[in-house]
Q: 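Just passing along the structure, written as structure tokens.
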Amino acid sequence: MSTSGTSRKGQNNASERGAAFGRGLGIGLINTLWNARVLGSWRVPAQGPVILAVNHSHNVDGPLLMGLAPRPVHFLIKKEAFAGPLGTFLRSIGQLSVDREAVDRSAVTDALGVLADGKVLGIFPEGTRAGGGDFGALRAGLTYFAVRSGAPVVPVAVLGSAERPGRLIRELPALRSRVDIVFGDPFEVPSGRRTRAALDDATVRVQERLTSHLKTARQLTGR
């Protein structure tokens, strides 16, 4: 038992160091490539478990948050990205693989472990960029993690990443284009019955909070 506990603690420490390293690497890269503006980062609790709920309109949204969030973030990322050298790199900076097509119990355990350790879990609650980046197709995973962990949810709006493709690499935003990242007020999802119907009802209320923040962020940034 003690050997297992020591191993888990070592893995968690390495993961946290990796996430902190990834954050430092991201800050330098992002500030070189784009004109990123961060608003409201003080709203992210400085300590304890936090869930960042991020809209998803471009592949760079995750890296932007990894580099510019005020704390190291452990994102749930589709398992398809964890192939070859990229997968090795993502694991080294503390990111989590998830199978979006099935109930991935390992990913659930890993995500709850991040929160139990008082760290920051990043989630794209729409699941894919096909959701439109407006929180219009919310999945119940975000609500489940919030209810199970009791962690506050901080809505995050990433705006501008999909507006102008780059000239040389069209899969990336245009060089030096402006990208806004707006953090909202944290809120808690009341715990109660964990039935499917109760989670669905709570997810609707969470969606309303996230959609309201996105609207406010657009007004604030003029986007």
Side-chain angles (χ1 to χ4, degrees), residues 4 7-34 36 51-69 71-117 119-133 135 137-142 144-145 156 158 160-162 164-175 177 179 181:
S4 176
S7 175
R8 183 176 185 276
K9 182 177 180 181
Q11 290 174 356
N12 286 346
N13 287 344
S15 176
E16 186 68 4
R17 288 196 300 269
F21 172 78
R23 179 171 178 265
L25 182 65
I27 290 173
L29 183 62
I30 291 164
N31 288 333
T32 299
L33 295 176
W34 303 295
I51 300 173
L52 298 185
V54 189
N55 70 316
H56 197 15
S57 57
H58 198 287
N59 283 331
V60 301
D61 295 342
L64 284 169
L65 262 295
M66 290 178 202
L68 299 177
R71 294 172 59 185
V73 184
H74 303 265
F75 266 102
L76 279 170
I77 300 173
K78 62 182 181 180
K79 70 174 185 178
E80 292 82 359
F82 285 78
L86 177 59
T88 301
F89 173 71
L90 288 174
R91 292 186 182 90
S92 74
I93 60 172
Q95 306 311 303
L96 311 176
S97 169
V98 60
D99 184 348
R100 298 177 302 178
E101 306 302 324
V103 177
D104 191 335
R105 298 189 184 280
S106 178
V108 171
T109 299
D110 290 342
L112 290 175
V114 165
L115 296 171
D117 290 337
K119 301 173 185 177
V120 180
L121 178 68
I123 297 179
F124 296 111
E126 295 170 283
T128 70
R129 288 182 292 122
F135 296 119
L138 213 65
R139 296 187 176 187
L142 167 62
Y144 175 81
F145 289 128
V156 187
V158 180
S161 58
R164 291 173 52 206
R167 293 183 178 180
L168 296 179
I169 306 177
R170 298 191 64 80
E171 290 76 16
L172 295 176
L175 188 65
S177 60
V179 179
I181 299 175

Q: Could you measure the distance from the CG atom of L96 to the CZ atom of F82? Nearest 0.5 Å is fine.
A: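 Those atoms lie 7.0 Å apart.
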Q: Locate the shortest heavy-atom distance separating A81 from L90; write the atom from each residue and the value.
A: O-CD1, 3.8 Å
Q: Using the side chain to side chain contact (heavy atoms under 4.5 Å, CB included) criterion, which residues pair with D104? Sequence neighbours excluded.
A: V98, D99, S106, A107
Q: From F124 CZ over to I77 CD1, what is the distance, rounded to the nearest 0.5 angstrom?
A: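 With rounding to 0.5 Å, CZ (F124) is 7.5 Å from CD1 (I77).
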Q: Checking side-chain contact (heavy atoms from CB on, under 4.5 Å) against F75, which of V54, V120, L121, I93 comes through?
A: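 The passing option is V54.
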Q: Working to the nearest 0.5 angstrom, can you tell me the gap between L86 CG and R91 CZ?
A: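 One gets 9.5 Å once the value is rounded to the nearest 0.5 Å.
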Q: Do side-chain atoms of Q95 reach the backbone of V73 as a donor and acceptor pair under 3.5 angstrom?
A: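 Between the backbone of V73 and the side chain of Q95 there is a qualifying donor-acceptor contact (under 3.5 Å).
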Q: State which residues pass ring pair (Phe, Tyr, Trp, His ring centres under 6.0 Å) with F145; sequence neighbours excluded, sorted by chain then number.
A: none
Q: List the residues meeting side chain to side chain contact (heavy atoms under 4.5 Å, CB included) with E80, not counting sequence neighbours, and say none if there are none.
A: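 Scan of E80 (side chain to side chain contact (heavy atoms under 4.5 Å, CB included), adjacent residues dropped) gives K78, R100.
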Q: Just one of V179, N55, I181, V158 clears the side-chain contact (heavy atoms from CB on, under 4.5 Å) bar with D61, so which one?
A: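 For D61, the side-chain contact (heavy atoms from CB on, under 4.5 Å) check succeeds only for V158.
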Q: Closest approach of I123 and L76, non-hydrogen atoms and distance?
A: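 Distance-wise, the nearest heavy atoms are CG1-CD1, 4.3 Å.
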Q: Look up atom NE2 in H74 and atom CG in D117, then write down how far apart they are to the nearest 0.5 Å.
A: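 Output value for this atom pair is 8.5 Å.
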